[in-house]
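We use all heavy atoms of the structure for the numbers below, so side chains are in, but hydrogens, waters and symmetry mates are not. Computed from a predicted structure; not experimentally measured.
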2 protein chains.
Amino acid sequence: MAEVTLRDVARASGCSVATVSRVLAGTRPVGAETARTVREAAERLGYRPNQVARALRSRSTGTVGLVLPQITNPFFPALVRELEHALHAEGRAVLLADCDDDPVTEAARIGAFLDRQVDALLVIPVEERASRNAVASAVARVPLVLLDRGCGPGVADSVAVDNAAGMALVLEHLAAMGRRRPWFVGAAGTASAAVERRAAYEAGAGVFGPEAPRRRELGDFSVEWGRAAVDRIWPSRPDAVVCANDLIAVGALQRLRQLGADVPGEVVVTGFDDIPLAGLADPALTTVRQPVAELAAEAAWLLGRQPTGGGPGSRRTVRLAPELVVRASTGAGVAAK
Amino acid sequence: MAEVTLRDVARASGCSVATVSRVLAGTRPVGAETARTVREAAERLGYRPNQVARALRSRSTGTVGLVLPQITNPFFPALVRELEHALHAEGRAVLLADCDDDPVTEAARIGAFLDRQVDALLVIPVEERASRNAVASAVARVPLVLLDRGCGPGVADSVAVDNAAGMALVLEHLAAMGRRRPWFVGAAGTASAAVERRAAYEAGAGVFGPEAPRRRELGDFSVEWGRAAVDRIWPSRPDAVVCANDLIAVGALQRLRQLGADVPGEVVVTGFDDIPLAGLADPALTTVRQPVAELAAEAAWLLGRQPTGGGPGSRRTVRLAPELVVRASTGAGVAAK
DNA sequence: ACACGCGGTGATAACGTTTGCCGCCAATTC
DNA sequence: GAATTGGCGGCAAACGTTATCACCGCGTGT
């Protein structure tokens, strides 16, 4: 009932440890008859290879560390799920670290994972600047890919949604619906999603007139901020509120309804990410869906094909195309009402 | 730049590997002067102990496997967060497995974790019956505690919220608000949360009259079911809809509003769990808050104090008290309106 | 016939730690 | 002054695997 080791199987099948290892790992050709005997003995004894010993010898743990800012951020669970599945499909296990949105904790967790000899790291950095050092030093030791958020240019490979394209989809949709006075509610700070989305708004809002790009309020990525922002912009009567993510949009929606505004008649609202909450809001939120499964698959793939501690020469940046999901908050089904 | 090992530190500090190991691990008294030299050398070379080697030798990986049905279930992220923090505080890393609500996957993941020599397992079982075998066989090899859901009596230690007490709080609240015709919308199936909550409703609804315990509809734990259930029960005009979890309640709330019902005036709605969504619903949902942090702390503690592969003698079952969170869906602040 | 190659196998040395055991030297005890 | 501690430190054996090397026998090419 204790631990069955290679030795035990070897003894039971009358051959050497080396041979047993070889037949079980299929690492080198071995006699058909011997193979059968060995496999049978292994089966009979219920042999399970000790992954720790295997890892020590082969210098590969079959483990990747997943480091993220806050698992409670509703965008992440779906991503984590897809990553877990993608990695498990390759036989790799996932070590999880929740950083509590703190760069110091993040650095500590990355270090701990390195000590545990993870084969690779998947990092969703907490911050653009504050995370850079930890990421940069980790990148020298294992394959690492950045997810969802960047960390400065040339630091590591990264895969994320094309925020600019997503925002462009939103603006295009608004223009097509005849909206004229959009207002942007975004997030301050240096996180790449925040920066890219507000830059894209500024770049694309010109079609609504020269003043449009300047109509923006910056706070953080929270429901509370969405509510507060509406209080500040509502007096100037926008006919569209473009939010930098779904949480902000949900807050905006709530406050607008409290103020008696007609959504989507008088003013429409859009989000970004398409978290589960978006479809549940009332009215359901028009938003930009991130291709979560593809993001995960791409990240996992990149991780595999990356030289350990590769030089700074060839950083890849993958940007995946998002998709506009039109729901009631911009008038879908309004005609039928 | 490569791997700095104990040997290197030993060479650099002019003493043996054994001594270095001892000063770094503090496992045995060692000369003050030697200790200083060694520590200095270790620091200078940037020595980091190889956890894999350590694990192989000491037969402890400092790793626990966390196995859950679906990370995308909005109740879990908060729990995962607390567990990760609690375990990390003890220096243990967390391997994560998402089972996609499938008992077969669950068994596979548990097996994989065992092969990886996890020190312990934390399992939120997918199903009461289907998960039993995998859990029972794992329990023989490592400390294991069941979380949130049970898995049959005597299989393993478990910690969960006191569902009966939570439901009692709800019924008490409804009675105090003068409600007379409650209706229960729950989940069929054998998951312990489903069973216990509906049993508690049946047991406690007697105060609303002899018919009350029988006024129930059973489906699953989803928003869609919440919507559908309302369509079935609304014709008989309940003045309270008691839901088995927040997702159901959110669906019910949506449908009731679509049907033009006045919530909370005409009919009140309650949920269970207090997921983030609950506070965001409109009207905000009265619900039963699970003590997530305490659940996690208790589970982590139990895990530590459990003999490896302990006999079936002494299974502990911890039930933590929930808390009623009263919000607008049962009329909080209504008087002020 | 001889050398050569090659499929199949066994010993054995790693991988980087922890730890049991033994020996050394100084300090204490009779 | 010799014997007995007891604190410190080194040697070497594990932990369970994989990888390297050598070996053995047999078929093949010249």
Side-chain angles (χ1 to χ4, degrees), chain A residues 1-39 41-42 45-63 91 112 114-119 141 308, chain B residues 1-39 41-42 45-63 91 112 114-119 141 308:
Chain A
M1 200 58 226
E3 226 32 39
V4 179
T5 78
L6 270 190
R7 284 183 59 121
D8 301 323
V9 178
R11 246 195 300 269
S13 65
C15 61
S16 77
V17 236
T19 306
V20 177
S21 169
R22 287 197 271 255
V23 30
L24 262 28
T27 181
R28 256 184 36 180
V30 75
E33 179 62 14
T34 325
R36 211 186 45 75
T37 321
V38 167
R39 248 184 282 270
L45 299 182
Y47 169 74
R48 313 255 48 191
N50 181 325
Q51 300 294 340
V52 173
R54 200 200 277 276
L56 177 59
R57 178 60 228 228
S58 60
R59 327 191 67 65
S60 156
T61 52
T63 284
L114 254 19
D115 287 353
R116 284 182 186 280
Q117 313 288 120
V118 292
D119 285 352
R141 320 206 359 95
T308 302
Chain B
M1 198 59 224
E3 227 31 38
V4 178
T5 79
L6 269 191
R7 284 182 59 121
D8 301 323
V9 179
R11 245 195 300 267
S13 65
C15 62
S16 78
V17 232
T19 306
V20 178
S21 168
R22 288 197 270 253
V23 29
L24 262 28
T27 181
R28 247 185 39 182
V30 73
E33 179 61 15
T34 325
R36 210 184 48 74
T37 321
V38 166
R39 248 184 282 272
L45 299 182
Y47 170 74
R48 314 255 48 193
N50 182 326
Q51 300 293 341
V52 173
R54 200 201 278 277
L56 176 59
R57 175 61 225 229
S58 58
R59 325 194 68 66
S60 156
T61 52
T63 285
L114 254 21
D115 286 352
R116 283 182 187 281
Q117 313 286 119
V118 291
D119 285 352
R141 320 207 358 95
T308 303

Problem set entry | Student check: side-chain heavy atoms of A:T5 and A:N50 closer than 4.5 Å | no
For this session: Quick one: pull up CZ in B:R22 and OG1 in B:T34 and give me the separation to the nearest 0.5 Å.
Result: 11.0 Å
For this session: Please tell me if the side chains of A:C15 and A:V38 come closer than 4.5 Å, counting only heavy atoms from C-beta onward.
Result: yes
For this session: Check the distance between D:dC15's P and B:N50's CG and give it to me in whole angstrom.
Result: 19 Å
Exercise. Looking only at heavy atoms, which two atoms of A:V4 and A:Y47 are closest? And how far apart?
Worked result: O-CD1, 3.3 Å
Problem set entry | Five-pair end axes of the helix from C:dA1-D:dT30 to C:dC30-D:dG1, angle between them (10°) | 50°
Seminar exercise, completed: To the nearest angstrom, the CG-C1' distance between A:L24 and D:dT18 comes to 13 Å
For this session: Whole angstrom is fine here: how far is it from OH in A:Y47 over to P in D:dG16?
Result: 10 Å
Problem set entry | OP1 or OP2 of D:dT18 under 4.0 Å from side-chain N/O of A:R59 | no
Problem set entry | Presence of B:R54 side-chain N/O under 4.0 Å of C:dT18 phosphate oxygens OP1/OP2 | yes
Problem set entry | Shortest non-hydrogen separation from B:A12 to B:L45 and the atoms involved | CB-CD1, 3.9 Å
Problem set entry | Exam field: side chain B:S58 to backbone B:R54, donor-acceptor pair closer than 3.5 Å | yes
Problem set entry | Whole-Å distance separating the CD atom of A:Q117 from the C1' atom of C:dC15 | 11 Å
For this session: Calculate the interatomic distance between B:E33 atom CD and D:dG7 atom P; express it in whole Å.
Result: 20 Å
Exercise. Which of these passes side chain to side chain contact (heavy atoms under 4.5 Å, CB included) with A:R39: A:V23, A:V20, A:V9?
Worked result: A:V23
Enumerate all atom pairs, one protein N or O and one N or O from nucleotides 4-6 of chain C, separated by less than 3.5 Å.
none

For this session: Give, for atom CD of A:Q117 and atom OG1 of A:T61, the distance between the pair rounded to the nearest 0.5 Å.
Result: 7.5 Å
Exercise. Got a second to check how far B:L24's CG is from B:R48's CZ, nearest 0.5 Å?
Worked result: 10.0 Å
Exercise. Checking side-chain contact (heavy atoms from CB on, under 4.5 Å) for the pair A:E3/B:R141: CA distance, chi angles, key distance, verdict?
Worked result: CA-CA 10 Å; A:E3 226 32 39; B:R141 320 207 358 95; 3.5 Å; yes
For this session: Mind checking A:T5 for me? I need base, sugar-phosphate or nothing, with any heavy atom below 4.0 Å counting as a touch.
Result: sugar-phosphate
For this session: Indicate yes or no for a side-chain donor-acceptor contact from B:R116 to the backbone of A:G62 under 3.5 Å, with no hydrogens or angles considered.
Result: yes
For this session: Would you mind reading off the distance between B:R116 atom CZ and D:dT17 atom C1', rounded to a whole angstrom?
Result: 15 Å
For this session: Measure the distance from CG on A:L56 to C1' on C:dT17 and round it to the nearest whole Å.
Result: 8 Å
Exercise. Looking only at side-chain N and O atoms, does A:S21 come under 4.0 Å of OP1 or OP2 in D:dT18?
Worked result: yes
Exercise. Can you check the B:E3 CD to C:dA14 P distance for me, whole Å?
Worked result: 18 Å
Write down the protein N/O and nucleotide N/O pairs, taken from nucleotides 8-14 of chain D, whose separation is under 3.5 Å; answer none if there are no such pairs.
unit_1: D:dG9; atom_1: OP1; unit_2: B:T34; atom_2: OG1; d: 2.3
unit_1: D:dG9; atom_1: OP2; unit_2: B:G31; atom_2: N; d: 2.6
unit_1: D:dG9; atom_1: N7; unit_2: B:R28; atom_2: NH2; d: 3.1
unit_1: D:dG9; atom_1: O6; unit_2: B:R28; atom_2: NH2; d: 2.5
unit_1: D:dG10; atom_1: OP1; unit_2: B:S16; atom_2: N; d: 3.3
unit_1: D:dG10; atom_1: OP2; unit_2: B:S16; atom_2: N; d: 2.9
unit_1: D:dG10; atom_1: OP2; unit_2: B:S16; atom_2: OG; d: 2.8
unit_1: D:dG10; atom_1: OP2; unit_2: B:T19; atom_2: OG1; d: 2.2
unit_1: D:dG10; atom_1: N7; unit_2: B:R22; atom_2: NH2; d: 2.7
unit_1: D:dG10; atom_1: O6; unit_2: B:R22; atom_2: NH1; d: 3.2
unit_1: D:dG10; atom_1: O6; unit_2: B:R22; atom_2: NH2; d: 2.8
unit_1: D:dA14; atom_1: N3; unit_2: B:R57; atom_2: NH1; d: 2.6

Problem set entry | Nearest non-hydrogen partners of A:A10 and A:S16, listed with the distance | CB-C, 3.8 Å
